[in-house]
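Here the structure comes first, spelled out in structure tokens, and everything after it is commentary.
Note that the structure is predicted; figures quoted are calculated from it, not measured.
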Amino acid sequence: MGVVATGSIHGHSYVRVQGGGDADGVLVVVPGLNDPLKRVGDARWFAGLMALYLRRYRDARTVYMLSRPPGLAGARTTREMAGHYATALDALATAEGVEAVDLLGLSLGGFVVQHIAADRPDRVDRAILGLAGTELSTAGETRLQRWRALARQERWGPIYRDAYGLVATGLRARVMQAGSAGYDLVATPRHPSDFTASVDASLAHDGRDALHDVPVPTLVVGGTADPFFDEDGFRDATRRLPDGRLALLDGVGHDAVIEHPAAFDGAIRRFLADAD
């Protein structure tokens, strides 16, 4: 197997980046609401782009990004999604020769990770809730309700342009938004109903009970300027976790992964290093 590989496990497409010489263990990234718009198995170029992101952690772990299956395998809640992920993780852990993996959930993926870690702690060493708190903020709910209405009208361009303005800033955001000008015509997702179902699952998510049941060390990483979560939500999630830690990034929003990698990745690296 090369440094980068792609495939599918129980309907979940993945891209895998082999860890470097000193890497020990496996980190599985559970993507956010962008996943039903473009899964890692939908296009080779996109899998390659995600592999570039995963390489940021390969000195510490072999890293996977594991998409949700087309049709979401019938799942309509974050807990149901977590159940399908747990089945895939059983097979992935066996293939990698490990008992458990570290999990990094990004945004909606963080909601799913809350349930995986609560319901299947036997497969989780450490959990990271990246840009995810207990539940959406009021502002986050309003934005997702708007995206859902646009998706039902098959107006994908405005969703992409709004999202690009949240995950990037400055010239980078403007270039990405300009590039999405024709998306209403050419960028319809392969499974558009998966996006609206994922929005509904995000709006309905309430992690208060699940967080209490997470026995593994868990890091919450969030920014004080996040458009989907507020500072109180990140702090509340941390308080509810039996072994929770908080990395609060001042002035950072949902652009943490792209625009603030030193702060975002640094918090994750330190947390993973504590386990080594």
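The number of heavy-atom neighbours closer than 6.0 Å to CD of Glu99, taken from other residues, nucleotides and ligands shown, is 12 or below. Environment of CZ in Arg152: crowded, with over 12 heavy atoms of neighbouring residues, nucleotides or ligands closer than 6.0 Å.
Minimum interatomic distance between Arg123 and Val98 (heavy atoms only, all atoms of both residues): NH1-O, 3.9 Å. Closest heavy-atom contact between Ala247 and Ala267: CB-CB, 3.7 Å. The two residues Ala100 and Asp122 come nearest to each other via the heavy atoms CB-O, 3.7 Å. Minimum interatomic distance between Val15 and Ala47 (heavy atoms only, all atoms of both residues): CG2-O, 3.8 Å. When all heavy atoms of Ala51 and Val17 are compared, the closest pair comes out as O-CG2, 3.8 Å. A pairwise comparison of heavy atoms in Arg61 and Leu272 identifies NH2-O, 3.4 Å as the closest pair.
To the nearest 0.5 Å, atoms CG (Asp125) and CG (Asp102) are separated by 5.0 Å. One distance of note links CG of Leu203 with CH2 of Trp147; it measures 11.5 Å at 0.5 Å rounding. Between the CZ atom of Arg155 and the OH atom of Tyr160 there is a distance of 15.0 Å, given to the nearest 0.5 Å. The CG atom of Leu249 lies 11.0 Å from the CD atom of Glu231; values are rounded to the nearest 0.5 Å. Here the OG-CG distance, from Ser107 to Asp35, works out to 12.0 Å after rounding to the nearest 0.5 Å. Taken to the nearest 0.5 Å, the OG1 atom of Thr238 stands 11.0 Å off from the CZ atom of Arg245.
Here the two rings, on Phe229 and Phe111, have centers that are under 6.0 Å apart.
No donor-acceptor pair under 3.5 Å is formed between the side chain of His254 and the backbone N or O of Val167. The closest donor-acceptor contact from the side chain of Glu80 to the backbone of Arg76 lies under 3.5 Å. Side-chain N or O atoms of Thr218 include one that pairs as donor or acceptor with a backbone N or O of Val216 at under 3.5 Å. Between the side chain of Tyr85 and the main chain of His12, no donor-acceptor pair closer than 3.5 Å is present. In terms of modelled atom types and a separation under 3.5 Å, the side chain of Ser202 and the main chain of Leu108 share no donor-acceptor contact. Between the side chain of Thr62 and the backbone N or O of Val26, no donor-acceptor pair lies under 3.5 Å. No donor-acceptor pair closer than 3.5 Å links the side chain of Arg68 to the backbone N or O of Met81. Remark: side-chain polar atoms of Arg126 are paired, donor with acceptor, to backbone N or O of Phe271 under 3.5 angstrom. One N or O on the side chain of Thr134 and one on the backbone of Ala237 form a donor-acceptor pair closer than 3.5 Å. Without hydrogens or angle criteria, Gln114 side chain to Gly133 main chain gives a donor-acceptor distance under 3.5 Å.
Proximity of Val124 to Ile116: side-chain heavy atoms (C-beta onward) are separated by under 4.5 Å at one or more points. In this structure, the side chains of Phe195 and Leu33 come closer than 4.5 Å at one or more pairs of heavy atoms. When side chains are defined from C-beta on, Arg235 counts as touching Leu248, because their heavy atoms get closer than 4.5 Å. Proximity of Leu72 to His84: side-chain heavy atoms (C-beta onward) are nowhere separated by under 4.5 Å. Side-chain contact between Tyr14 and Ile9 is present, with heavy atoms from C-beta onward closer than 4.5 Å. Side-chain contact between Asp119 and Arg79 is present, with heavy atoms from C-beta onward closer than 4.5 Å. Counting heavy atoms from C-beta outward, Phe264 and Val252 have side chains that stay 4.5 Å or more apart. The shortest side-chain heavy-atom distance between His205 and His115 falls under the 4.5 Å cut-off.
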Which is it for Arg190 and Asp42 under the side-chain contact (heavy atoms from CB on, under 4.5 Å) test, yes or no, and what are the steps along the way? CA-CA 8 Å; Arg190 291 187 182 184; Asp42 287 348; 3.7 Å; yes
Is there a side-chain contact (heavy atoms from CB on, under 4.5 Å) between Arg143 and Asp162? Walk through the geometry before answering. CA-CA 9 Å; Arg143 179 169 254 110; Asp162 191 25; 2.9 Å; yes
After noting the C-alpha distance and the side-chain angles of Arg269 and Asp59, does the key distance pass the side-chain contact (heavy atoms from CB on, under 4.5 Å) rule? CA-CA 10 Å; Arg269 287 174 177 279; Asp59 60 331; 2.8 Å; yes
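Listed by chain and number, the residues in a side chain to side chain contact (heavy atoms under 4.5 Å, CB included) with Ala139 are Ser137 (sequence neighbours excluded).
Looking at His10 and Thr87, their side chains never bring a donor and an acceptor atom within 3.5 Å of each other. Donor-acceptor pairing under 3.5 Å is lacking for the side chains of Thr169 and Asp255.
Each of Leu219, Val221, Leu211, Leu104 was scored for a side-chain contact (heavy atoms from CB on, under 4.5 Å) with Leu129, with one residue passing: Leu211. Checked options Pro189, Pro69, Ser67, Pro31; the residue passing with Arg39 is Ser67 (criterion: side-chain contact (heavy atoms from CB on, under 4.5 Å)).
Residue pairs satisfying the salt bridge (Lys or Arg N to Asp or Glu O under 4.0 Å) criterion with at least one member in residues 200-225, sequence neighbours excluded, are listed as follows: Arg148-Asp200, Asp206-Arg208.
Using the six-membered ring where Trp is involved, Tyr53 and Tyr57 have ring planes that are perpendicular, over 60° apart on the 30 and 60° scheme.
Between Asp274 and Arg270 there is no salt bridge, since no side-chain N of the basic residue sits under 4.0 Å from a carboxylate O of the acidic one.
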